[in-house]
Amino acid sequence: MTDPAHDPSAASPADPVAAWCRAAPDAVLLDGFHALKHAVRFGAEVLVAVTADRAAALALADELAGDVRDTLAALLTQVPYGTYAALVPRPHPTAVAALAVRPGRAGNLAKLARAPRTAPVVVLDQPRNLGNAGAVVRLAAGFGATGVVTTGTLDPWHPTVVRGGAGLHFATAVERLTVDELPPGPVFALDPEGEDIRSLKLPDEALLAFGSERTGLTAELRARADHLVALPMRPQVSSYNLATSVAMTLYHWSATGGAPS
């Protein structure tokens, strides 16, 4: 008898390519093994998952994701590499891709607005770089932040952002809002002219707002801010990378008693 975990056709839909094409317009692209692993780990509804090397993907699962290994084995369908590569914008080194249902906006908004919060919300004010936005989602998930909100035109669920976030969009609430739509809570906005963050304790209900690297905070977000906060920086150094700034701020929050157990 063939072991389903090692059968390339095991648990496969009758036509994975057709299933992919049906789901693709509205689904979230999970690009690579780690994105699929994290999405499954945090409860994503995966519609179809393909790989050009099922044995290699399951070996990674054995090594790195034993908690969801059986689920991944049931989801993954092997297809020829050319078929896999034609389904994604840029092939991933792990040759794994999947489509998942995007979490509902109403549910995310409820999570963001819930009071009292036990962790801050990260606000990216008109970010420009898709990869940086993805890195911030990954950081927020790692620190247990309530969510990540973007203002402006960048779609925080763009495939490049999800790739940069390694599928961890499913571990935190990610939405695009206007400044007027931000959830309640005191806004601590990062600005070079603000108060040194080392003198502050950031509350769990805070909104931690970060401007773009090129232009900083918009006038609209600055007007909404309750506190301006500055990161320590050597004179004549212009700025930190956006994800670095978020990491430093979330670490400060966690180090002063805010991190979840």
Side-chain angles (χ1 to χ4, degrees), residues 108-109 111-113 115-156 158 161 164-165 172-260:
N108 273 344
L109 293 179
K111 291 175 185 176
L112 291 167
R117 280 193 294 269
T118 58
V121 174
V122 175
V123 179
L124 304 183
D125 188 27
Q126 298 200 6
R128 295 288 183 265
N129 186 282
L130 295 166
N132 267 345
V136 169
V137 171
R138 191 169 185 174
L139 282 164
F143 277 99
T146 295
V148 176
V149 169
T150 64
T151 70
T153 60
L154 182 144
D155 176 8
H158 186 282
V161 183
T172 190
V174 179
E175 287 295 334
R176 177 168 53 180
L177 302 173
T178 67
V179 172
D180 288 341
E181 293 171 330
L182 291 177
V187 176
F188 288 74
L190 276 289
D191 185 272
E193 298 180 2
E195 185 176 355
D196 192 317
I197 194 171
R198 292 171 291 187
S199 67
L200 300 172
K201 181 173 181 179
L202 301 173
D204 293 345
E205 66 269 21
L207 307 181
L208 306 176
F210 302 82
S212 71
E213 291 165 327
R214 179 171 296 179
T215 60
L217 297 165
T218 61
E220 188 178 12
L221 196 289
R222 182 184 284 270
R224 171 75 169 77
D226 299 289
H227 308 274
L228 295 180
V229 180
L231 295 170
M233 186 182 299
R234 181 180 178 180
Q236 298 183 315
V237 174
S238 300
S239 66
Y240 294 121
N241 172 275
L242 175 61
T244 300
S245 296
V246 175
M248 293 172 69
T249 304
L250 286 174
Y251 179 79
H252 178 77
W253 164 72
S254 71
T256 54

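Note that the coordinates shown come from a computational prediction; the quantities given were computed from them, not determined experimentally.
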[X] and [Y]: which non-hydrogen atoms are nearest, and at how many Å?
X: Leu250; Y: Ala140; answer: CD1-CA, 4.1 Å
X: Ala189; Y: Ala225; answer: CB-CB, 3.8 Å
X: Ser254; Y: Phe143; answer: OG-CE2, 3.7 Å
X: Ala119; Y: Gly144; answer: CB-O, 3.1 Å
X: Thr146; Y: Thr172; answer: O-OG1, 3.2 Å
X: Val136; Y: Ala243; answer: CG2-CA, 4.0 Å

The criterion is salt bridge (Lys or Arg N to Asp or Glu O under 4.0 Å); which residues satisfy it with Arg222, sequence neighbours excluded? Asp191
Sequence neighbours excluded, the answer for salt bridge (Lys or Arg N to Asp or Glu O under 4.0 Å) partners of Asp180 is none
side-chain contact (heavy atoms from CB on, under 4.5 Å) involving Asp226 - partner list, sequence neighbours excluded: Pro186, Val187, Arg224
side-chain contact (heavy atoms from CB on, under 4.5 Å) involving Arg176 - partner list, sequence neighbours excluded: Thr150, Asp155, Pro156
Roughly how far, to the nearest 0.5 Å, is the [atom2] atom of [Y] from the [atom1] atom of [X]?
X: Ser245; Y: Leu139; atom1: OG; atom2: CG; result: 10.5 Å
X: Leu182; Y: Glu220; atom1: CG; atom2: CD; result: 8.5 Å
X: Ile197; Y: Leu228; atom1: CD1; atom2: CG; result: 12.5 Å

Going through the distances and angles, do Arg117 and Leu207 end up as a side chain to side chain contact (heavy atoms under 4.5 Å, CB included)? CA-CA 11 Å; Arg117 280 193 294 269; Leu207 307 181; 3.5 Å; yes
Under the rule for ring pair (Phe, Tyr, Trp, His ring centres under 6.0 Å), what residues qualify as partners of Phe188, not counting sequence neighbours? His227
Using a 3.5 Å distance criterion without hydrogens, assess whether the side chain of His252 forms a donor-acceptor pair with backbone atoms of Leu231. no
Given 3.5 Å as the limit, does a donor-acceptor pair link the side chain of Ser199 with the main chain of Asp196, or not? yes
Residues 123-130 side chain polar contacts: donor-acceptor under 3.5 Å, at least two apart:
{"from": "Asp125", "atom 1": "OD1", "to": "Thr151", "atom 2": "OG1", "distance (Å)": "2.9"}
{"from": "Asp125", "atom 1": "OD1", "to": "Thr218", "atom 2": "OG1", "distance (Å)": "3.4"}
{"from": "Asp125", "atom 1": "OD2", "to": "Thr218", "atom 2": "N", "distance (Å)": "2.8"}
{"from": "Asp125", "atom 1": "OD2", "to": "Thr218", "atom 2": "OG1", "distance (Å)": "2.8"}
{"from": "Arg128", "atom 1": "NH1", "to": "Gln126", "atom 2": "O", "distance (Å)": "2.9"}
{"from": "Asn129", "atom 1": "OD1", "to": "Gly131", "atom 2": "N", "distance (Å)": "3.0"}
{"from": "Asn129", "atom 1": "OD1", "to": "Asn132", "atom 2": "N", "distance (Å)": "2.7"}

Close side-chain approach of Glu181 and Leu112, heavy atoms under 4.5 Å: no
Counting C-beta onward and ignoring hydrogens, is there a side-chain heavy-atom pair between Thr256 and Leu200 closer than 4.5 Å? no
